[in-house]
Amino acid sequence: MTDQRVVDTVSAAQGDPNAQQPWADLGLKPAEYAQFREILGRRPTSSELAMYSVMWSEHCSYKSSKVHLARFDELMTDRMREHLMVGIGENAGVVDIGDGYAVTFKIESHNHPSYVEPYQGAATGIGGIVRDILSMGARPVAVMDQLRFGPLDAPDTQRVLPGIVAGIGGYGNCLGLPNIGGETVFDPSYAGNPLVNALCVGVMRHEQIHLARASGEGNRVVLYGAKTGGDGIGGVSVLASETFAARGHTQNQHKKRPSVQVGDPFMEKLLIECTLELFEEGLVGGIQDLGGAGLSCATSELASAGDGGMHVWLDRVPLRDASLAPEEILMSESQERMMAVVEPANVERFLKICQKWEVDATVIGEVTSTGRLVVEWQGETVVDVPPRSVAHDGPVYQRPLIRPVQQDTLQADGAEALPRPATGDELRATLLRLAASPNLCDKSWISDQYDRYVRGNTVLAPPEDAGVVRVDEQTGLGVAISTDCNGRFAKLDPYAGARLALAESYRNVAACGARPLAVTDCLNFGSPEDAEVMWQFAEATRGLAEGCRDLGLPVTGGNVSFYNQTGDIPILPTPVVGVLGVLDDVARRTPMGFREPGQSVYLLGTTREELSGSEWAHVVHAHLGGRPPSLDLAVEQQLGEILVEARRHGLVSAAHDLSDGGLAQALVESCLRNGVGARVRLPAGVDPFVALFSESTSRAVVAVPGSAEARFLEMCTVREFPHARIGATEGVGDGALLEVDGQFSVPLGELRATWSATLPAALD
């Protein structure tokens with residue numbers, strides 16, 4: 001049967017210049033629509049309108065953030081470039097980790113889809129980031145996730161959390177990728193707008209790096225993977241680039257449901273193995289995954305990054321739904337698809353390998369020398385555009401920035417003035433209350449749904465400070481990764497908050513003994529059309545860029561996620577920072593938990609009275625105010641060097657960073673990890689409450705065997721780094737105690753029962 005649909009062609013657009021078009025429904029502003037009419041010298045076709053609308057969306061074009069993200073390049077130093085092989089601008093960054101190995105890693109958001117349809121939204125977030133890593137030429141080896149929800153007892157949290165966790169676990173487990181870490185945080189600001197940030201890391205040899213570009217006139221463009229369907233149409237322009245309606249309003253939610261992609265992890269697994277074999281045989285000239293904006297993105301970005309143009313026959317695209325119009329095919333974000341540029345002589349072999357893996361593959365276009373992206377549908381031209389105008393030359397906005405009027409009032413309201421526990425019994429009760437709080441409690445209800453050890457190369461996984469995977473079995477070379485952010489700190493001071501997120505992630509990587517090497521980020525904020533939100537974003541970006549310069553770590557890539565708010569209520573500014581570090585031998589990594597009795601416990605770093613934005617203020621007083629902890633990145637770097645050197649020379653048996661919950665929570669987690677107790681003595685002359693619950697930065701707790709104590713002390717003394725022996729490990733099992741001399745003691749059995757009960761009680 002002949003398709004009777006009327007297709008809007010370039011000739012039709014020229015003959016009917018004033019036809020009404022739904023540009024506003026696609027998220028475009030009047031000036032943006034006028035801008036690409038000017039680029040084309042005519043009105044766009046419906047297919048061109050679809051392409052520009054998705055590629056000029058906030059999610060794809062970074063139109064509100066480009067001017068601020070430029071700081072990462074401006075502040076790049078030679079020291080930061082030393083190990084950087086591929087930086088910002090490609091699907092993911094790549095760093096040299098030695099011995100001819102390279103690692104690629106990146107974190108991205110899938111926030112709004114995960115609210116609308118929790119399971120598929122989170123699952124396809126994992127699928128998308130895995131394909132980004134695959135497209136660089138690497139084998140994906142591990143994933144991580146950063147999750148933010150409203151209050152644990154809120155009805156909407158009960159709806160979205162189980163589905164999101166199941167989606168992450170279901171997709172990642174089916175792919176056979178270990179989930180080696182992350183964070184789960186609860187705060188009222190995320191009610192109605194959860195955050196799902198997914199990270200993937202991949203490994204390759206230096207010579208295996210691939211880039212997203214279409215070069216070589218006459219080379220073929222091959223689309224392979226799953227067939228294209230109607231799912232995910234408008235996902236990046238409608239979901240990721242728009243604020244949700246007022247909290248509790250469900251009409252918006254149901255209207256958006258078709259925009260969420262549907263994932264098939266089994267097809268993705270075939271796609272991974274197929275692609276790696278194609279790489280191995282040298283059949284791929286350029287490659288791009290199809291994620292946000294689908295074919296619109298893949299075709300325009302490949303052509304724009306190449307040295308010519310591209311001609312595409314859109315009616316050759318294999319479809320799951322034959323009723324799709326050309327513009328819908330271009331906008332579809334159906335998952336598990338890739339696009340490759342292949343020399344004509346290699347096409348037959350390329351298709352045979354795809355057939356072997358039962359992966360559909362079709363030649364849908366070719367590289368040209370015209371400098372244009374031309375798309376045909378059944379013999380008619382429906383797109384004829386300069387590809388760079390679609391992919392890279394969209395609008396750039398200098399959004400207004402206004403420091404919030406309430407910022408001074410907020411910062412003046414410090415938590416240090418709040419009532420605090422004074423007796424040993426009150427300190428004990430506070431420790432137990434914090435250990436049971438949603439942000440500090442045992443997260444194994446979540447992490448146990450993920451396969452952490454599949455593939456056999458996982459060395460450290462939750463609840464450790466950082467995830468560690470082995471890269472080379474012979475040498476033991478491996479990498480450590482941590483992702484962190486305290487949104488409360490960023491609310492109090494966005495500049496400092498971003499630096500604190502960087503410092504915590506850096507500290508976590510160093511605590512396991514890895515040398516920090518590079519950074520990825522996912523910057524989650526409210527609407528860029530709110531001048532106060534843009535001030536937060538600008539300050540956080542400035543803080544992160546300057547912090548990375550100070551630590552000598554390049555930002556290799558990442559993601560900006562705007563419009564994370566419900567009505568006029570934005571989330572806490574949440575600049576998630578991931579740090580990747582290198583271990584020369586993963587067999588000698590440092591775990592976080594005390595391992596045996598009779599070892600000395602040392603506190604490294606300086607404790608100050610810093611309680612504003614702390615977990616204590618949040619849990620006990622529901623308070624947010626004051627200024628976040630001070631930070632000296634030179635001191636942070638010095639602590640990192642001590643932790644790395646101590647691991648290298650076998651001077652510590654355990655190390656745990658101090659962050660949320662302070663020393664008290666670090667001791668809780670260090671004791672419970674292996675069921676080894678500890679007896680500690682707090683420094684004389686210091687308020688015991690401050691000593692236990694302050695969240696001062698650049699601190700760690702380490703366990704030192706007696707045989708190594710003299711060398712450990714010498715290492716700290718030579719560097720003039722603050723250190724104090726605060727106690728020793730004692731006892732094993734539930735009857736062992738966490739004892740604070742002169743204040744209180746808690747049996748580990750009671751502590752574990754309290755710490756582990758919270759999530760099961762709320763979610764089972």
Side-chain angles (χ1 to χ4, degrees), residues 71-72 75 80 183 185 407 410-411 414-416 465-466 482-511 516 519 521 523 536-553 555 572-579 581 603-618 624-644 655-663 665-666 690-691 693-701 719-723:
R71 288 195 179 99
F72 294 126
L75 297 182
M80 296 162 74
E183 254 188 337
V185 176
Q407 198 71 24
L410 181 71
Q411 292 182 341
E416 289 74 14
D465 282 343
S482 176
T483 56
D484 294 282
C485 181
N486 187 320
R488 296 191 303 275
F489 289 165
K491 174 74 170 178
L492 298 178
D493 184 335
Y495 176 88
R499 291 167 67 87
L500 286 162
L502 171 65
E504 184 180 353
S505 198
Y506 182 98
R507 192 182 321 131
N508 280 327
V509 165
V519 168
D521 62 67
L523 309 177
Q536 292 176 333
F537 179 81
E539 284 295 286
T541 306
R542 182 171 70 91
L544 182 56
E546 292 180 4
C548 286
R549 176 201 59 196
D550 294 345
L551 290 174
L553 302 180
V555 172
L572 292 175
T574 312
V576 170
V577 180
V579 172
L603 173 62
L604 305 179
T606 302
T607 302
R608 295 171 288 270
E609 187 170 347
E610 295 179 306
L611 302 164
S612 293
S614 69
E615 203 61 41
W616 168 76
H618 174 65
L624 180 57
R627 291 184 179 274
S630 59
L631 174 66
D632 184 335
L633 286 174
V635 175
E636 192 70 61
Q637 198 162 24
Q638 194 176 21
L639 172 63
E641 290 169 358
I642 288 172
L643 294 170
V644 171
H656 191 11
D657 85 302
L658 269 63
S659 52
D660 297 341
L663 174 62
Q665 184 67 18
V690 172
F693 298 104
S694 167
E695 295 187 7
S696 294
T697 62
S698 308
R699 297 185 299 158
V701 165
R719 289 172 169 80
E720 298 182 346
F721 195 85
H723 59 283

For a quick test of reading the model, state the closest non-hydrogen atom pair linking [X] to [Y] and the distance between them.
| X | Y | result |
| --- | --- | --- |
| Ser612 | Leu492 | C-CD1, 4.1 Å |
| Gly613 | Leu624 | CA-CD1, 4.2 Å |
| Ala466 | Asn508 | CB-O, 3.7 Å |
| Leu631 | Glu636 | CD1-OE1, 3.8 Å |
| His723 | Leu604 | CB-CD2, 3.6 Å |
| Asp632 | Ser698 | O-OG, 4.1 Å |

Which value, rounded to the nearest 0.5 Å, describes the distance between [X] atom [atom1] and [Y] atom [atom2]?
| X | Y | atom1 | atom2 | value |
| --- | --- | --- | --- | --- |
| Arg499 | Arg542 | CZ | CZ | 9.0 Å |
| Ser505 | Leu500 | OG | CG | 12.5 Å |
| Asp660 | Asp484 | CG | CG | 8.5 Å |
| Leu658 | Leu603 | CG | CG | 6.5 Å |
| Leu502 | Cys485 | CG | SG | 11.0 Å |
| Phe489 | Thr574 | CZ | OG1 | 13.0 Å |

(request) Answer yes when Glu546 and Arg71 have at least one side-chain N-carboxylate O distance shorter than 4.0 Å, and no when they do not. (result)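 Salt bridge absent between Glu546 and Arg71.
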
(message) One thing to verify: whether Glu504 and Arg507 come together as a salt bridge, which I'm taking to mean a side-chain N less than 4.0 angstrom from a carboxylate O.
(response)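 Salt bridge absent between Arg507 and Glu504.
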
(request) Start with the C-alpha gap between Glu615 and Gln665, add the side-chain angles, then the distance that decides, and say whether side chain to side chain contact (heavy atoms under 4.5 Å, CB included) holds. (result) CA-CA 10 Å; Glu615 203 61 41; Gln665 184 67 18; over 6 Å; no

Under 3.5 Å: donor-acceptor pair, side chain of [X], backbone of [Y]:
| X | Y | result |
| --- | --- | --- |
| Asp465 | Asp657 | yes |
| Glu695 | Leu611 | no |
| Thr697 | Ser630 | yes |

(request) Please assess Arg699 against Thr606 for the test side chain to side chain contact (heavy atoms under 4.5 Å, CB included), listing each intermediate value before the final yes or no. (result) CA-CA 7 Å; Arg699 297 185 299 158; Thr606 302; 6.0 Å; no

(message) With no hydrogens and no angle check, just 3.5 Å: does a side-chain donor-acceptor pair link Glu610 and Ser694?
(response)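 Their side chains do not contain a donor-acceptor pair, so the 3.5 Å distance test is not met.
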
(message) Any non-hydrogen side-chain atom of Tyr506 less than 4.5 Å from a side-chain atom of Leu553?
(response)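 Of all side-chain heavy-atom pairs linking Leu553 with Tyr506, at least one is under 4.5 Å.
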
(message) In the structure I gave you, are the side-chain heavy atoms of Val579 and Ser482 within less than 4.5 Å of one another anywhere?
(response)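 No, their side chains stay 4.5 Å or more apart.
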
(request) Assess whether side chain to side chain contact (heavy atoms under 4.5 Å, CB included) is satisfied between Leu410 and Lys491, documenting all intermediate values. (result) CA-CA 9 Å; Leu410 181 71; Lys491 174 74 170 178; 4.1 Å; yes

(message) Please determine whether side chain to side chain contact (heavy atoms under 4.5 Å, CB included) holds for the pair Phe72 and Leu544, giving the CA-CA distance in whole Å, both sets of side-chain angles, and the decisive distance to 0.1 Å.
(response) CA-CA 9 Å; Phe72 294 126; Leu544 182 56; 3.9 Å; yes

